[in-house]
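Take a look at the structure below.
Since this is a predicted model, take the numbers as computed values, not measurements. Lettering follows sequence order; numbering is per chain, from 1.
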Amino acid sequence: MPGETSKTKKQTMIDPKLLRSAGHDVAANLKRRNFIFDEGAYATLEERRKALQVDVEALRAERNASARSIGKAKAQGEDIAPLLAAVEDLGKKLEEAESGLNDVQSELREVESGLPNLLHDDVPDGADENDNKEILRWGEPRDFDFKILDHVEIGAGLGLLDFDAAAKMSGSRFAVMHGLLARLQRALIQFMLDTHTAEHGYQEVYVPYLVQSEALFGTGQLPKFADDQFKTTDDPPFYLIPTAEVPVTNLARDSIAEGTEMPKKFVAHTPCFRSEAGSYGKDTRGIIRQHQFEKVELVQMVEPENSDVALEELCGHAETVLQKLNLPYRKVVLCSGDVGFGAHKTYDLEVWLPGQQAYREISSCSNYIDFQARRLQARWRNPDTGKPELLHTLNGSGVAAGRALVAVMENCQEADGSVTVPEVLLPYMAGANNLTPIC
RNA sequence: GGAGAGGUGUCUGAGUGGUCGAAAGAGCUUGAUUCGAAAUCAAGUGUACGGUUCUCCCGUACCGUGGGUUCGAAUCCCACUCUCUCCGCCA
């Protein structure tokens, strides 16, 4: 069927019905992000689409009707030549109408796919990260009675963290970890996975680290953030996942979950790969910002009415990890100017890093409401209506292992340059209770 | 990498050009029967978009994906993709 468009994958993020019926409200909401949605232009385009679609469908109906009567006439042995003559120019007219409709539809899609998600009412207005609002602080930054080292100095002192070796094979923004330091990162990962599966009800999953572009479209990393992704030269290309959110959330793609299966809660440990384009000169020291890092990710697929509560819970699960590790942190809600493109509301957890004398992001927990679900066609069957409806997706780091490693090194450092292993990690350390310097 | 088979609705599975959105069975829903249940019988049961006289009705699209042929395609042609079987290779 040439020119067919109705089955083209949805790439809009906001409900098109809402854009039509409440364009003004949408524009006002997006304005808080400093995003201008031209509701008037959109409405005009929509009017054109509707008129063209009616035309196209009428022509198709005509074609179908005549095709049917030709079939019937032929079956009865009648002469179909006059009938064929009658529909001769129908094909051309239909083709023209369809191509007009296609043009308008792709214009609409372009506008729609560029729209960020609607903001939650709770999101405070603000321009950038400086306007994020602190919700709480947990734990007391420790008083050190010796000179504080940062994780790079600690790692070098112990002989367990080697940037030179990494640079030789991979260039900048990579690290090599040796012995107990590598083990400590693995311990952190194990501890987090165990906590989330045993105490928070998540199901562990193992997923691909290479995905195709559709998966990234589904979660919203594409098309807007193509520069942040590593991409292979295969055709079609593979992308290295920037976060487990991508493959795990895509588990729900093109599927309908039964009401009894909800909510779905997944936890996955994966490496994450980011090109960090545009961050030259930022966090160049240490392993805060690497091209490759380990992360434990929490993903939930929930009934729409529960997603607000689910975000609080999910963020709480990430907080539990920091609390068990006894790492001081603060929780902030991102302001309208800092919330990610696809997020409805986001909490960041920032861990205290003595080496920087600052709180640094270690987890970001977001409610995407139906934004990703619409692109993924991720649905559930609502028992009340019996109908498939878009579900809501959430995700959050639970937590970033690389940065957790930095936090443990710096917060648990001792005067002699060693690092005391947090109690909850001891079962994973094969008897080692501290990282000692190589003498 | 080579050879072959195949992708149809919630599932199994018919369907090789003309009322096919799609047989049949299963499942599910409702009703009948029952003290209740099972069994049995009857009816109903996809999604999206649009129109509308808006809990009714009508139209369009969807049978792996994308093209093509045709007045008309689930059905024919081409490309791709995924799954399965056999061989090779391999952690």
>> Please give the distance between the C1' atoms of B:A22 and B:U45 as a whole number of Å.
In response: 15 Å
>> Just to be sure I understand the rule, does A:Arg381 reach a base, reach only the sugar-phosphate, or reach nothing, if contact means heavy atoms closer than 4.0 Å?
In response: nothing
Using Watson-Crick geometry (N1-N3 plus N6-O4 or O6-N4) or G-U wobble (N1-O2, O6-N3), each under 3.5 Å, B:G1 is paired with B:C87
note: A:Leu108, atom CG; B:C49, atom P; distance rounded to Å ~ 14 Å
Paired to B:G59 by Watson-Crick or G-U wobble criteria (both distances under 3.5 Å) is B:C49
When both distances are under 3.5 Å in a Watson-Crick or G-U wobble arrangement, the nucleotide paired with B:C76 is B:G68
Out of B:A61, B:U47, B:G50, minimum distance to the side chain of A:Lys50 belongs to B:G50
Which atoms of nucleotides 17-21 of chain B (N or O only) lie under 3.5 Å from a protein N or O atom, and what are those distances?
unit_1, atom_1, unit_2, atom_2, d
B:G18, O6, A:Lys74, NZ, 3.2
B:G18, N2, A:Ala67, O, 2.7

A:His178 meets the side-chain hydrogen bond (donor to acceptor under 3.5 Å, both in side chains) criterion, sequence neighbours left out, with none
Under a 3.5 Å limit on both distances, the Watson-Crick or wobble mate of B:G6 is B:C82
Do A:Asp370 and A:His344 get their side chains close enough for a donor-acceptor pair, meaning under 3.5 Å?
no
Heavy-atom count around A:Glu214 CD within 6.0 Å, excluding the residue itself: above 12? yes
Work out how far the P atom of B:G27 is from that of B:U85, and round it to whole angstrom. 29 Å
Using the C1' atom as the reference point in each nucleotide, state the distance between B:A74 and B:U65 in Å, no decimals. 15 Å
Flag this pair as yes if the NZ/CZ of A:Lys265 is under 6.0 angstrom from the six-membered ring centre of A:Tyr202 and inside a 45 degree cone about the axis; otherwise no. yes
A:Lys17 has its side chain closest, among B:C49, B:C71, B:G59, to B:C49
*Would you say A:Gln300 and A:Asn395 make side-chain contact, with heavy atoms under 4.5 Å?*
no
Rounded to whole Å, the CD1-C1' distance (A:Ile256 to B:A48) equals 11 Å
- Query: So do A:Ser363 and A:Tyr347 actually touch side chain to side chain, heavy atoms under 4.5 Å?
  - Reply: no
Using atom C1' of each nucleotide, how far apart are B:A48 and B:U40 to the nearest Å?
38 Å
* Neighbour count >12 (heavy atoms, 6.0 Å) for atom CD, A:Glu258 -> yes
Under 4.0 Å between a side-chain N/O of A:Arg63 and OP1 or OP2 of B:A61, yes or no? yes
Expressed in whole Å, how much space separates the P atoms belonging to B:G59 and B:G7?
31 Å
In whole angstroms, the gap separating P of B:G72 from CD of A:Glu95 amounts to 10 Å
*asked:* So, does A:Asn64 get its side chain near the phosphate of B:U60, meaning an N or O under 4.0 Å from OP1 or OP2?
replied: yes
- Item | Pairwise C1' distance, B:C89 and B:G2 [rounded to whole Å] | 11 Å
Walking RNA chain B from its 5' end, the first of A:Pro236 and A:Val87 to be reached, judged by nearest nucleotide, is A:Val87
As its Watson-Crick or G-U partner within any shown strand, both distances under 3.5 Å, B:U40 has B:A32
* **Separation of the C1' atoms in B:G17 and B:U69, to the nearest angstrom** => 11 Å
### Query
If we take the P atom in both B:G64 and B:G9, what is their distance in whole Å?
8 Å
**Asked** How about A:Leu405 and A:Gln185: do any of their side-chain heavy atoms sit closer than 4.5 Å?
**Response** yes
Which of A:Arg186, A:Met409, A:His151 passes side chain to side chain contact (heavy atoms under 4.5 Å, CB included) with A:Leu181? Answer is A:Met409
To the nearest angstrom, the CZ-P distance between A:Arg379 and B:G46 comes to 14 Å
Heavy-atom donor-acceptor pair, A:Glu57 side-chain to B:G59 base, under 3.5 Å
yes
